[in-house]
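Only one structure is covered here, and it is reproduced in the block below.
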Amino acid sequence: MAWVLKMDEVIESGLVHDFDASLSGIGQELGAGAYSMSDVLALPIFKQEDSSLPLDGETKHPPFQYVMCAATSPAVKLHDETLTYLNQGQSYEIRMLDNRKMGDMPEITGKLVKSIIRVVFHDRRLQYTEHQQLEGWKWNRPGDRLLDLDIPMSVGIIDTRTNPSQLNAVEFLWDPAKRTSAFIQVHCISTEFTPRKHGGEKGVPFRIQVDTFKQNENGEYTDHLHSASCQIKVFKPKGADRKQKTDREKMEKRTAHEKEKYQPSYDTTILTECSPWPDTPTAYVNSSPSTAPAFTSPQQGTCSVPDSNSSSPNHQGDGVSQPSSEQLQPSATIQETQQWLLKNRFSSYTRLFSNFSGADLLKLTKEDLVQICGAADGIRLYNSLKSRSVRPRLTIYVCQEQPSGSPLQGQQLAGGGGEGSGGTPYVYHAIYLEEMVASEVARKLALVFNIPFHQINQVYRQGPTGIHILVSDQMVQNFQDESCFLFFTVKAENGDGIHIVLK
C-alpha cells in the first residue's frame, strides 16, 4: 500500500514537472519582450473558439454563393479584385449555391427564386454611357446578343427568358435546394469598346453580375435577396488561354519576394457581394430601342431655313433671334440645359445629362465628350457648346438703296460707301454663303430684307454703262470675299414679281 502511494507521488511530481517545462518553453519561444495578448489570441485554438462567438457588427451571412468555373489571373496584386479571362462565345459554368445557414430565410424554402445574370461595364465612366455603348454595338452587330445562356448545358434552371431590348442580360428561375448551374456565353470582346482601334489596345474590363430575387405578395419576383459580381476581360477565341499563359510566365520570372505581392491563380472565380443593379433604365435598359446608334448624328433632324439675316450659326442676325443656335450659358438651369440639348438635336442624351446644369456641361472637355457620346456626337456637342460652326465659304455685305427717281437710272455709290443722297448713312448687312450659287444669294437676300422669295425672278449685277448682267453660279464663285454691294428692286417686265439689281 505504501508502495502504491509512493508511485502516485512520483507520477504526480512528474506531471507537474512536465507541465512547468511546457510553460517555460512557451515563455522562451515568445520571449519576455515579445509576449502580448494578441499573440496568444492568434493561436489556432483561440481562433476556432473566437469564430464561434457572435461579434457585434458581424457581416450578414450571404444566402447564396455564385462560382464561375474559370481560372483567375495570377498577375493581380494582393488586396485587388480578382480578374478572370474569358473566350468570346465559349460556355462557362456559374454554379448557383445555397449558402444559407439552418433556419435562414425560411420563406424561400421549397420555393423558386429568380436570378438575372448581366454583363456590364466595370469602368464607372463607361457605366454612365452604357446605353449608348450597347446601342452602338447592336448597330454594328445586328441580331447578336452580348450575353446568352447555353440552355442544353445548363442544369436546374427553369423558365429562361431574354429580352430583345436587354442584349446583355438573361434571367431564369431555380430551386436553391437543387443543384443548379447556368452556362453563359459572352459574345462581346473587351477591345470593341476602346475609343481608339489601331491594334494592340488594352481592352476594357467587364463585370459579370448576378442578382437574385424572391416573390412578393403579388407573386412577382421583385424582392431583392442577394447580388454578387466579378471582374472579367473577354478575348477572341483562345485569346484568354494565351493571356493566362502569358501572365503565368511573367509571374514565373519574378523573384520570390515580388511574387508575395501577387495573388495566386485560383481554378474558379468566386463572385463577391455587391449592390443590386439599379432597376431604373439609366444604363442599358430602354423601353423603346432606337433604330440607329446613339453615337451617330440623329437622322430625324430636319433642315429648316433660319429666320435670321445671317446664314451662318457663327453670327446672330440683326434684330432677329436665333433660338436654334444660341450658346449655352453657364448660368443655365438643368431644365434650360435640357431644352438646349433638344433644340440642338441632342435628344438622345437628355437622359444621360438629366442632372447637368449649363456650368456642368461646359466643364466637360472634348476628350470627355468623345468618351461619353462617341466620336461623332462628342465632337458635334463640343463644337455646339463652344459655338464652333462651319466657316462660310463667302461673305458679302449688302445694303438696300432707297428709290430716288427712276430705279433703272444708275446712282453713284457714296464715296467710300458712307452716305446716301439724303445724308443718311448706308447700313450694310452681312450675308454668309455656304453654297456658291446664285440661288443662295437670292434666298439670303430675301431672308435679310423680308422679300418674298417666290417673287424674286432674277438677280442682276449692274455693269459698265449701266448694263444689267445676269448673276450666275460662275459669277458668284468669282465674287471677292467681303465685297460690298448696293441693291435696288425693279418690277418684272410682265408685272409678275421683281428683279434685284446689285451695284
Side-chain angles (χ1 to χ4, degrees), residues 297 299-320 322 324-325 344-345 376 379-380 383-384 387-403 406-414 416-417 420 426-503:
S297 300
Q299 298 177 357
Q300 66 271 21
T302 58
C303 179
S304 59
V305 178
D307 55 349
S308 71
N309 55 1
S310 171
S311 62
S312 171
N314 278 325
H315 303 80
Q316 187 169 353
D318 302 312
V320 183
Q322 244 182 335
S324 61
S325 60
N344 289 271
R345 296 182 293 113
I379 295 173
R380 190 168 68 89
N383 289 337
S384 298
S387 293
R388 295 186 177 184
S389 303
V390 179
R391 184 178 179 85
R393 298 178 63 184
L394 179 68
T395 302
I396 60 176
Y397 305 108
V398 294
C399 174
Q400 186 171 14
E401 190 177 47
Q402 297 299 324
S406 174
L408 289 178
Q409 293 178 355
Q411 298 185 12
Q412 296 293 329
L413 287 173
Y426 290 108
V427 178
Y428 286 81
H429 298 261
I431 299 292
Y432 304 101
L433 302 178
E434 279 85 19
E435 297 182 35
M436 305 282 281
V437 292
S439 59
E440 181 80 350
V441 175
R443 188 174 68 87
K444 294 301 175 64
L445 286 172
L447 287 173
V448 172
F449 297 99
N450 296 321
I451 302 172
F453 180 66
H454 66 277
Q455 293 186 7
I456 300 177
N457 290 348
Q458 297 292 346
V459 178
Y460 298 103
R461 183 175 183 181
Q462 185 168 296
T465 66
I467 62 175
H468 296 120
I469 307 169
L470 180 65
V471 175
S472 63
D473 295 347
Q474 187 176 5
M475 179 183 289
V476 174
Q477 293 167 9
N478 284 278
F479 279 172
Q480 291 186 358
D481 195 26
E482 296 192 334
S483 298
C484 298
F485 296 97
L486 287 174
F487 83 93
F488 57 89
T489 61
V490 295
K491 288 185 178 182
E493 295 77 3
N494 57 5
D496 185 13
I498 60 173
H499 300 309
I500 292 180
V501 182
L502 301 175
K503 52 185 293 190

Original post:
side chain to side chain contact (heavy atoms under 4.5 Å, CB included) between E401 and F487: does it pass, once the steps are laid out?
Top reply: CA-CA 6 Å; E401 190 177 47; F487 83 93; over 6 Å; no
Rounded distance (nearest 0.5 Å) linking atom [atom1] of [X] with atom [atom2] of [Y]:
X: K503; Y: C484; atom1: NZ; atom2: SG; value: 14.5 Å
X: E440; Y: R393; atom1: CD; atom2: CZ; value: 10.5 Å
X: M436; Y: L394; atom1: CE; atom2: CG; value: 4.5 Å
X: L486; Y: Y397; atom1: CG; atom2: OH; value: 15.0 Å

Would you mind reporting whether [Y] and [X] have side-chain heavy atoms less than 4.5 Å apart?
X: L445; Y: F453; answer: no
X: H468; Y: R461; answer: no
X: V441; Y: I431; answer: no

Output side-chain donor-acceptor pairs under 3.5 Å for residues 471-480, partner residues at least two apart or in another chain, one line each.
unit_1	atom_1	unit_2	atom_2	d
S472	OG	M475	N	3.3
D473	OD1	A438	N	2.8
N478	ND2	Q474	O	2.7

Subject >> Heavy-atom closest pair, residues V427 and C399 >> reply: O-SG, 3.3 Å
Original post:
What are the two closest non-hydrogen atoms of A446 and I456, and how far apart are they?
Top reply: CB-CD1, 3.9 Å
Results of side chain to side chain contact (heavy atoms under 4.5 Å, CB included) for [X] - residues two or more places apart only:
X: Q458; answer: Y460, L470, H499
X: N450; answer: none
X: P452; answer: H454, Q455

